[in-house]
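Below, chain A is the first sequence line, B the second, and so on; all start at residue 1. The figures that follow rest on heavy atoms only: side chains count, while hydrogens, waters and symmetry mates do not.
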Amino acid sequence: MPPMSKTTDYLKPIILRLSSMSLAITLLTVLALASVIGTVLLQNQDQADYLQQFGPIWYWVFRSLGLFDMYHTWWFLSLLGFLMLSLSVCLWRNVPRFLKEMRGSKVALSDSAMKHMKYSRHWDLKGTSTESVLLIAKERLKGWRLREEQRGDVSYIRADKGKYQKWGYICVHTAMLVILIGGWMSVQFGFRGNMSVPEGAKENEITFLKGTSTEYMKMPFDVRCNEFSIDFYPNGMPKEFKSNLTIIDGGKEVLTSDIIVNEPLYYKGVRIYQASFGDGGSKIRLKLFKLDGTGDVGSAEAKIYTTFKDETSGITLEMTDFRPHNVENMAELGKAKDFQDMGPSVDYVMRGPGLKPVKIRSFMDAFELNGENRGNFMQVSFSGNTKEFKNVALGLDLSNPQEWELMQSFITHLADTDLKDGQKANLQAFKAAMNDVFGEGKRPDNFQAMAMRVMQAVQVIPRLPWPYIPVLDDYDEKYYTGLQLAKDPGMNVVWIGSGFLVIGLCIMLYVSHRKLWLIVRRKGNDVSISFVGLSNRNPLNFNREFNEILSSMDDDMQQLKKGDRI
Amino acid sequence: MTAVTESNGLWDTMYQGRAAFVRYWAYIGLMLGAVGLAMFAGDGYTESGYIFQLVGKDGLMWLGTGALLGAGLSIMASVLRPELVNGHIPKMMVPWFDGAALMVALMALLTLFEPAAGMVSYEDQANLFAGHVIMTMNVLFLFSAICYIAYLFAPDSFIGSMATAAAWGAIYAGGSALLLRWYESYLLLDGEIGHAPVSNIYEVFILLFCITTIVYLQLEKRYEAKAMGAFVLALVASGVFFGIWLDSVGQAEIKPLVPALQSYWMKIHVPMNFVGYGSFAVACGAGMAYLVRQWLEARNSKMVKVFPSLEALDQLAYKAVAIGFPAFTLATILGAAWAAEAWGGYWSWDPKETWALIVWLVYGAYLHVRISHGWHGKTLAWWTVIGFVVTVFCFLGVNMYLAGLHSYGRLS
């Protein structure tokens, strides 16, 4: 170990310790255990959620250890740094030794070393020459790297295979170091953040999390989203998310391109990925079906993420989301699946004086079951959690204004009638309502179905606690595209390291350095031959290889013996 | 323990000399033709279009030209330089290529049993034929496991051959069933959802069984380690029950690919990962065999004779790890490359990534203590068993219990 001699004595134990195998294994184990924490504890969540989950004491403990953004804490990074240090010292200590070992190795073998060989065989032959034995051996050892030496009466042949196996070690450990350096470069000189661009708008700032706070960063160019579109499979699952983007650099449009997931855009060292999407402020029109007995129908217009305020009643509608498709499996459990698109829907929160705030998802189209029109419906959640939506079937098909009129008229007539029998009263009131809406004696084609719907609606609609029912009427859809922008100058370094890692591993694990010695001693007319072998890895294969050579060599020697007798 | 060198007349003629050499290059030509087809033919590569190109006129031309060119050139080469014929690599690779070709042929045969177009739909996939083939695979794996376990108690060569034969049968059934599922995915929804059969947990489980068993059978063939089969196939058999359960809860359905998975990387990254997982399973089997043998020795049981020596089992476990570790490393790197292309960074400390790192560290430490510290025996046997528990958590537990970017592998 030449470098060791230069270091002063007090550094020696430290270097020995740093490059020791026990430290390497301890480091690997500690890293593995530390990594587990970050996967069990969800990272980078809202601080309030953590506080609620763990209580104030544990929250404080975890927070001061940085466990909520664990992989970027000083202690985790110093673990990685320590690993780099250990790798470097290890390489520095071992590489010169390995190179020396690979370059030169002794051909001659001492008797004591020979005794330690696990694989060995001896022959004693009479009346043959060293040369003929060596010639036969060389023939049998074709494909091996051979070297010869003569020391007095003793001739040595040394055969090597897989001598470069130690390069595997050097390759793997250097590669790990390179990968870690690449990772450090990525963190130090790169960035990665998100950007939301509504259709038609442009943006040049990304946001990202640093520790627990959100940070902003300006990009050297603007990104405009011309269009965002979703392509669907026939079963309603999304097939492709596509954004048409224009890069504007210095006020000039320099590049327009489509991006999809898995196919990012590359501009000025920055990669732009399709990461997410959402509603970018679609225009929504709602019909307000008033429940004050007048039967009036108002309307409201608002964009998603804004709030519609009705000055007269004090009601506010906060638009939270819009979806153009709602694909649901309509089949009963265990039956063959039956996917149906329930059509567009809008989510809003209705608030008002004396009203409990309620989250509503209102569908534009009437609900159809087995080809039958079952009228409009909405989903209602008092907790505000969309998972707790409950279906409310309104009964009426509100796309047909006559149906709403019919119900109003029916309610009025039902209040007027003095018939005691509910059945008859209903019939009479319905007839009167029909005459009011469609004219005396005239009936629409499907009036029976309409009657069913009205009968259901009167059970539900008048009982709703709101002054009106806001139902989605029309929309002008607008998405935003969620982009991720990243610059990663360390990436290529990581790829180079990765390549060396795999190559090095293959050399290290699949090549074994095998050594054979043939020692021929001459004693007068006789020769005694020793054949010994050593492998640093893979004894099973070496066993086979050694035995194959041995048996062929054995045959040769027997031949020589026989030849001698003749 | 000496290596087995089978000498069988037919085998020798098929897998030695010129026959193997020419076939090897024909296969290489065929594959290069397939790559050329993907890169240069027609409208280029699309997930849904490529498979039709392969079986169509274009495919015949590109693949056929490639194969003929490979065969022709290699015949010429073998005439000009006869010593080339005895190369090591063709001899080693040709049985694998032949196996793969046989699997494809088997799949083509199985397509004949597919029900008429009207009988299958995306909503009702019960009539698809791959389900039956997978059930055959299940039965064969279970039968093989039973035979291997019986072999421990009655080391009869007939039982041993049955176990091995059933295992091979199961591999061919499983492999061709997966290929058949690939084909079937094009029968649904007008061919729009066609994709490689490595997209959900059910499919990769079948892949895992097959790869585990192949890795094991290679070791068995070379090192006469039949007793180990009882442990490896027992692991596979327990997986088979899990697979049957997955099927019963509707996880076996062919579903469209979410946009994140629509990438050629999926076809490389996922199978490569399972070479790693499968090898670690075999290492676990060897480790268990080691521990059981040691326990039997302590009780002076006669069954010990069936087992390979402790040293050999220790070596076999190491061999399996030595196959799995580079494969797993490569798979993780390929995953990072995919992540760099799809998610904007090669490493995000996503739970799946982190657990892959943990698995890597566990086996990395195993190799360290073994190669450099010279550890052997019981501790390392336990290490392979516990390492496999960590591996199982990585490919199953993470998807079931932890959120993250790999959530499409989740049970839903």
Side-chain angles (χ1 to χ4, degrees), chain A residues 21-22 24-25 28-29 31-33 35-36 38-40 42-43 70-72 183 186 190 192 233-235 237-241 260-264 271-275 331 336-339 484-486 488 491 494-495 498-499 501-502 505-506 508-510 537-541 543-544 547, chain B residues 1-3 5 121-124 126 189-190 192-193 222-223 253 255-263 265 311-312 315-316 319 322-323 325-326 329-330 333 336-338 340-347 349 351 354-355 357-358 361-362 364-365 367-369 371-373 390 398 402-404:
Chain A
M21 184 56 56
S22 329
I25 291 159
L28 296 182
T29 318
L31 262 177
L33 289 175
S35 304
V36 175
T39 64
V40 179
L42 278 179
Q43 300 285 293
M70 202 204 84
Y71 302 109
H72 304 104
S186 300
R192 192 168 158 189
Y233 288 110
N235 74 337
M237 270 175 70
K239 183 180 186 182
E240 187 177 85
F241 304 118
I260 61 173
V261 183
N262 276 315
E263 285 176 27
R271 276 174 204 279
I272 305 172
Y273 300 88
Q274 178 70 61
K337 299 219 167 106
D338 176 22
F339 291 100
Q484 187 165 77
L485 280 76
D488 203 330
M491 194 147 79
V494 171
W495 296 147
S498 302
L501 178 61
V502 175
L505 274 176
C506 289
M508 210 170 130
L509 295 174
Y510 301 144
R537 183 146 308 124
N538 207 345
L540 296 183
N541 274 349
N543 191 9
R544 174 162 58 181
N547 282 323
Chain B
M1 188 174 68
T2 48
T5 40
S121 68
Y122 177 73
E123 287 76 18
D124 186 7
L189 296 180
D190 310 321
E192 271 196 57
I193 65 164
R222 288 196 197 174
Y223 305 108
E253 276 173 28
K255 292 208 172 93
L257 277 188
V258 296
L261 290 181
Q262 292 168 16
S263 168
W265 285 110
E311 193 199 357
Q315 271 295 318
L316 286 165
K319 273 187 181 302
I323 295 168
F325 191 70
T329 308
L330 182 60
I333 292 168
W338 186 3
E341 200 170 302
W343 298 335
Y346 54 84
W347 199 262
W349 292 107
T354 311
W355 273 94
L357 176 70
I358 293 166
L361 290 170
V362 166
L367 291 175
H368 271 103
V369 294
I371 295 176
S372 307
H373 259 202
V390 177
V398 172
L402 305 175

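- Atom-to-atom distance recorded for A:Q484:CD and A:R192:CZ is 5.0 Å, nearest 0.5 angstrom.
- Contact of A:T29 with chain B is not made at all, since no heavy-atom distance falls under 4.5 Å.
- Only the side chain of B:L357 comes within less than 4.5 Å of a heavy atom in chain A; its backbone stays farther off.
- With a 4.5 angstrom heavy-atom cutoff, B:A126 does not touch chain A via any of its atoms.
- Of the residues considered (A:A486, A:S186, A:A275), A:S186 shows the highest number of contacts with chain B, using heavy-atom pairs under 4.5 Å.
- Put simply, CD1 on B:I371 and CE on A:M508 are 4.5 Å apart, with the number rounded to the nearest 0.5 Å.
- Taking 4.5 Å as the limit, some side-chain heavy atom of A:M491 sits within range of a side-chain heavy atom of A:R271.
- Only the backbone of B:W347 comes within contact range of chain A, judged by heavy atoms closer than 4.5 Å.
- Distance check: B:T329 OG1 to A:L509 CG gives 8.5 Å after rounding to the nearest 0.5 Å.
- Annotation: side chain of B:I358 is in contact with side chain of A:V36 (closest heavy-atom distance under 4.5 Å).
- For chain B, the nearby parts of A:N262 are the backbone and the side chain; heavy atoms of each come within less than 4.5 Å.
- Residue contact with chain B, scored on non-hydrogen atoms closer than 4.5 Å, involves the backbone and the side chain of A:L31 alike.
- A:L28 touches chain B through backbone and side chain together, each having a heavy atom under 4.5 Å away.
- Side-chain atoms of B:W265 and B:E341 include a donor-acceptor pair closer than 3.5 Å.
- The backbone N or O of B:I333 sits nowhere less than 3.5 Å from a side-chain atom of B:Y346 that would complete a donor-acceptor pair.
- Between chain B and the residues A:C506, A:A32, A:A24, A:G38, the largest count of heavy-atom pairs under 4.5 Å involves A:A32.
- Of the listed residues (A:I260, A:V261, A:L33, A:L485), the one with the most heavy-atom contacts under 4.5 Å to chain B is A:V261.
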